[in-house]
Amino acid sequence: MTTATRRAFEELPYPTVVVVGGGFAGLEVVQRLAGKPFKVILLDKQNHHCFQPLLYQVATASLSADSIAHPFRRTVGPMPNVAFRMAEVRRILPDRKCVETNVGDFDYDVLILAQGSTTNFFGNQQLAEVAMQLKSISQALDIRSDFLQEFERAMVLRDEHDLRRCLNFVIVGAGPTGVELAGALAEIRRTVLKREYREMNSELMRIVLIDSNDRVLKSFSETASANALKYLDLLGVEVRLGVRVLGGDEDHITLDDGSSLDTNTVIWAAGVKGALIPGLEDAVNERANRYRVDVHNGVAGFPGIHAIGDIALMEADPAWPKGHPQVATVAIQQGRHLVGNMLRRNKGLQPLPFGYVDKGSMAVIGRGHAVVDMGGRSYGGVVAWFLWMVVHVAKLVSFRNRIMVLVNWAWKYLSWKNTIRLIIRPYVRHGTSVSRPFVAQE
Ligand SMILES: Cc1cc2nc3c(=O)[nH]c(=O)nc-3n(C[C@H](O)[C@H](O)[C@H](O)COP(=O)(O)OP(=O)(O)OC[C@H]3O[C@@H](n4cnc5c(N)ncnc54)[C@H](O)[C@@H]3O)c2cc1C
């Protein structure tokens with residue numbers, strides 16, 4: 001913004017709407033408020049929107065980071081009534097109608113909280129220190145570097161036990177993220193590892209998927225779960241159900257059935273919790289770590305403050321008494337609905353209650369296999385795989401991202417290769433053996 005443009009923005013005679021977080025929910029709000037009589041300030045600690053459903057493909061070297069991320073400035077550039085500030089919100093001050101951030105305070109008339117969720121280790125500090133997470137681009141790049149580093153290390157190790165530990169990849173949580181990640185790593189074993197790490201016995205690489213539930217993809221239909229298990233089995237993923245990970249350190253994890261697994265790499269995909277910001281404690285549901293909201297996404301007890309997406313817990317929707325699932329479709333629909341209500345209020349109309357339209361669930365498991373629950377039916381195999389691809393490409397934020405993803409997928413499909421296998425920023429695991437300088441053994 002030039003000084004004149006900034007002044008023009010600041011002098012807009014509209015109420016100031018501060019949106020915290022430009023994920024699926026926040027971005028939907030911003031896009032729908034563009035050109036409307038509101039002065040909108042989008043705050044995000046990152047400078048880009050991240051399409052989280054495809055993060056696992058960045059982590060497994062199928063897609064480059066920039067094909068699933070989109071800079072906020074590209075989005076808001078053409079929107080004269082919207083400004084972006086890269087800022088981490090640290091406290092909400094409802095009495096002063098302002099939020100505190102690392103770059104200063106921002107006053108609001110309307111506050112929309114859409115800061116999403118963080119990884120939930122369910123209080124297990126040991127695991128929080130040891131396990132890798134998959135919630136952001138940088139974490140996906142860490143996983144990519146980690147498995148490539150482990151492969152390179154394995155090429156020079158002589159000790160059989162060290163070698164096996166290096167090639168044991170443990171994923172905790174058999175929800176969509178865990179299942180998709182496991183499938184993608186298994187694909188790498190049967191293609192890249194076999195062909196390009198020729199001196200290594202690729203069969204030594206193990207992918208172990210652990211979940212305390214009795215089936216994979218617990219939130220899907222039983223048919224989809226059974227199909228997913230079948231596909232994982234075909235790919236050689238070891239699925240261990242009904243067991244809980246108790247703890248771990250730099251070279252092993254322990255399970256509640258008394259067993260343990262030697263591994264350098266544990267990826268935690270077992271759950272998320274709301275990314276609360278201090279200041280609205282009275283509205284927090286402790287069990288879910290989310291803000292309690294009414295049917296209009298108003299935060300309970302805080303007029304003028306709304307919460308949408310993963311961070312919001314709406315228990316008033318009779319179809320979802322424990323709150324809506326923390327998925328992108330809920331976030332997008334709540335963002336859209338909230339703006340609809342803001343515009344209704346402007347016209348003197350009553351707001352309408354939110355009702356979630358469940359469009360189904362899908363997960364992909366390696367090349368050519370996916371499961372889709374949609375319209376009361378469950379689909380599997382290649383049909384589901386195509387459906388999965390179409391839906392994900394269509395939902396990407398920009399045309400460039402769609403083209404990049406399509407080209408990468410086409411190349412991978414034809415070449416059978418995960419090409420983006422670059423260790424750009426070596427992964428250094430704090431306080432563990434992996435952080436030791438890489439030393440080849442004689
Ligand atoms: C690996 C993975 C795979 C997934 N796959 C699917 C899928 O296939 N289908 C599906 O429907 N859902 C999927 N989800 C869930 C889906 O991504 C989330 O439900 C969705 O992103 C929630 O949207 P949101 O806008 O509430 O939060 P987010 O999209 O998480 O956005 C939150 C934003 O807030 C910002 N932020 C956080 N804290 C602060 C702060 N203090 N100050 C400023 N900014 C802040 C973040 O940088 C981020 O940009 C997946 C999630 C993950 C992690």
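Ligands are counted one by one from 1 in listed order, and the atoms in each one are counted from 1 as well.
Looking from atom 44 (N) of ligand 1 to the surrounding protein, the closest heavy atom is Lys45 N, 3.2 Å. Residue, atom and distance of the protein heavy atom nearest to atom 18 (C) of ligand 1 are Asp310 OD2, 3.5 Å. In terms of protein heavy-atom proximity, atom 47 (O) of ligand 1 is closest to Asp44 OD1, 2.7 Å. In terms of protein heavy-atom proximity, atom 42 (N) of ligand 1 is nearest to Val89 N, 2.9 Å. Closest to atom 10 (C) of ligand 1 among all protein heavy atoms lies Ala328 N, 3.5 Å. Given atom 20 (C) of ligand 1, the protein heavy atom at minimum distance is Phe24 CD1, 3.6 Å.
With Asp105 as the fixed residue, the salt bridge (charged side-chain N to carboxylate O under 4.0 Å, His left out) test singles out one of Arg96, Arg90, Arg85: Arg96. Only one option out of Ser225, Ser219, Ser221 pairs with Asp373 in a side chain to side chain donor-acceptor pair (under 3.5 Å); it is Ser221.
In this pair, Trp388 and Trp409 present their aromatic rings tilted. The plane angle is within the 30 to 60° band. In this structure, Tyr356 and Phe354 have parallel ring planes: the angle between them is below the 30° cut-off, well short of the 60° mark. Ring pair Tyr413/Trp385 is tilted by interplanar angle, where 30° to 60° counts as tilted. In this pair, Phe84 and Phe72 present their aromatic rings tilted. The plane angle is within the 30 to 60° band.
The main-chain N or O of Lys322 is never found under 3.5 Å from a side-chain atom of Glu315 such that the two would form a donor-acceptor pair.
For ligand 1, the atoms lying closer than 4.0 Å to a non-hydrogen atom of Gln326 are 15 (C), 19 (O). Here is the list of ligand 1 atoms found below 4.0 Å of a heavy atom in Ala25: 25 (O). When each atom of ligand 1 is checked for a heavy atom of Gly23 under 4.0 Å away, the hits are 25 (O), 28 (P), 29 (O), 31 (O), 33 (C), 49 (O). Under a 4.0 Å criterion applied to the non-hydrogen atoms of Thr177, ligand 1 contributes the atoms 1 (C), 2 (C), 3 (C). When each atom of ligand 1 is checked for a heavy atom of Gly309 under 4.0 Å away, the hits are 26 (O).
When only interatomic distances are considered, the shortest N/O to N/O separation between Val327 and ligand 1 falls below 3.5 Å. Looking at ligand 1, you won't find any N or O of Lys135 less than 3.5 Å from one of its N or O atoms. Between Leu134 and ligand 1, not a single N/O pair is under 3.5 Å apart.
The closest approach between a heavy atom of Ile311 and any atom of ligand 1 is not below 4.0 Å. At least one heavy atom of Ala87 sits less than 4.0 Å from an atom of ligand 1. The closest approach between any non-hydrogen atom of Ala275 and ligand 1 is not below 4.0 Å.
Rounded to the nearest 0.5 Å, atoms OG1 (Thr265) and CG (Asp146) are 3.5 Å apart.
One option in Gln52, Gln46, Gln334 has a heavy atom closer to atom 30 (O) of ligand 1 than any other, and that option is Gln52. The residue from Gly274, Gly360, Pro53, Gly21 that puts a heavy atom closest to atom 13 (C) of ligand 1 is Pro53.
Under the 4.0 Å distance rule, the nearest protein heavy atom to atom 26 (O) of ligand 1 falls inside the cut-off.
Centroid-to-centroid, the aromatic rings of Tyr291 and Phe302 stay 6.0 Å apart or farther.
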